[in-house]
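Shown next, in structure tokens, is the structure this report addresses.
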Amino acid sequence: MPQSPIELKGSSFTLSVLHLHHTDPAIVRKALAEKVSQAPAFLRNAPVVVNVSALTRDVNWRQMQQAIVGSGLHIVGVSGCKDEQLKRTISRSGLPLLTEGKEKKPAGDAQPETPVVIPAPAAAEPSVDRTRVISTPVRSGQQIYAKNCDLIVTNSVSAGAELIADGNIHIYGMMRGRALAGAGGDKGSQIFCTNLSAELVSIGGVYWIMDQIPNEFFGKASRLCLKDGELTIQTLN
């Protein structure tokens, strides 16, 4: 019997979820441009799911869709839509309506874990010697960005949280969120982590999702860097 030319398999992918909190496409596009400029190597041409739970039928969806696409992002689906008229408008635009599943809360973590990847930034802490140091837990929904410097986190990082640095990233605690080093394109940046259980790691735009992290390094002290343009990992001694 000849082999079928196609095969359907279940799989999982880590996607950024863009939560919209404003109905003005111009304001959204400006905010997205600023966000993409923070981490161009990772966000430019990135696939995203757009959450519209805060929007009403009054939004001009066609213009909003153009604003998001015009910022360099690719919409793969829309979630959180509660209004039937808006649902029909989105469907006519050719985008699928998705249902977001609830993420299982890790044992011992008191905060709910929500897969929000483009959230409001955490409160800024002072930079010293071109290194930004965060000593408090980084909770789900927070984003820390170390512009033009390294980032050191001396506490835990929850799932749904995001660390971005133009330089290196050091995490001295449980790392369940996302770590994007070399966000400005520096291929020589590295990630150092004492307990690597990340949703995603990226250096200079080259990334692994959780399933790609080798099992022997998952939950261990690890160091990641680029070698010949590919991510490599080794034990952190």
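Because only heavy atoms are used, hydrogens play no part in the values below, and waters and symmetry mates are left out as well, while side chains stay in. In this text, all values refer to a predicted model and were calculated from it rather than measured experimentally.
Annotation for Glu230: atom CD does not count as buried by contact number, only 12 or fewer foreign heavy atoms lying within 6.0 Å.
Formation of a donor-acceptor pair under 3.5 Å by the Ser91 side chain with backbone atoms of Arg88 is not found in this model. Between the Glu34 side chain and the Ala31 main chain, no donor and acceptor come within less than 3.5 Å of each other. With hydrogens and angles disregarded, a donor-acceptor distance shorter than 3.5 Å links the side chain of Ser140 to the backbone of Ala159. Judged purely by atom type and a 3.5 angstrom limit, Asn155 uses its side chain to pair as donor or acceptor with the backbone of Ser135.
Considering every non-hydrogen atom in both Leu231 and Trp208, the closest pair reads O-CZ2, 3.4 Å.
Here Tyr145 pairs with nothing under the ring pair (Phe, Tyr, Trp, His ring centres under 6.0 Å) rule; sequence neighbours left out. Every residue two or more places apart in sequence or in another chain that forms a side chain to side chain contact (heavy atoms under 4.5 Å, CB included) with Thr194 is listed here: Tyr172. Looking at residues two or more places apart in sequence or on another chain, you find a side chain to side chain contact (heavy atoms under 4.5 Å, CB included) between Ala67 and Pro25, Arg29. Applying the salt bridge (Lys or Arg N to Asp or Glu O under 4.0 Å) criterion to Arg57, with sequence neighbours excluded, gives Asp83.
Note that the CD atom of Gln142 and the OG1 atom of Thr136 stand 6.5 Å from one another [nearest 0.5 Å]. Rounding to the nearest 0.5 Å gives a distance of 11.5 Å between NZ of Lys35 and CG of Leu73.
The side-chain heavy atoms of Thr131 and His170, taken from C-beta on, include no pair separated by under 4.5 Å.
Linking Ile, Leu, Val, Met, Phe, Trp and Tyr residues whenever their side-chain heavy atoms come within less than 4.5 Å places Ile169 and Met210 in a single cluster. Side-chain heavy atoms closer than 4.5 Å link hydrophobic residues (I, L, V, M, F, W, Y) into clusters, and following such links, even through other members, never connects Val133 to Met174. Using a 4.5 Å cut-off between side-chain heavy atoms of Ile, Leu, Val, Met, Phe, Trp and Tyr, with links allowed through other members, Leu226 and Leu236 fall into different hydrophobic clusters.
A side-chain hydrogen bond (donor to acceptor under 3.5 Å, both in side chains) check over residues 219-228, counting only residues at least two apart or in different chains, returns the pairs Gln190-Arg223, Arg223-Gln234.
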Output a table of donor-acceptor pairs, distance under 3.5 Å, between side-chain atoms of residues 179-186 and any protein atom two or more places apart or on a different chain; print 'none' if there are none.
{"residue": "Asp186", "atom": "OD1", "partner": "Gly188", "partner atom": "N", "Å": "2.9"}
{"residue": "Asp186", "atom": "OD2", "partner": "Ser189", "partner atom": "OG", "Å": "3.3"}

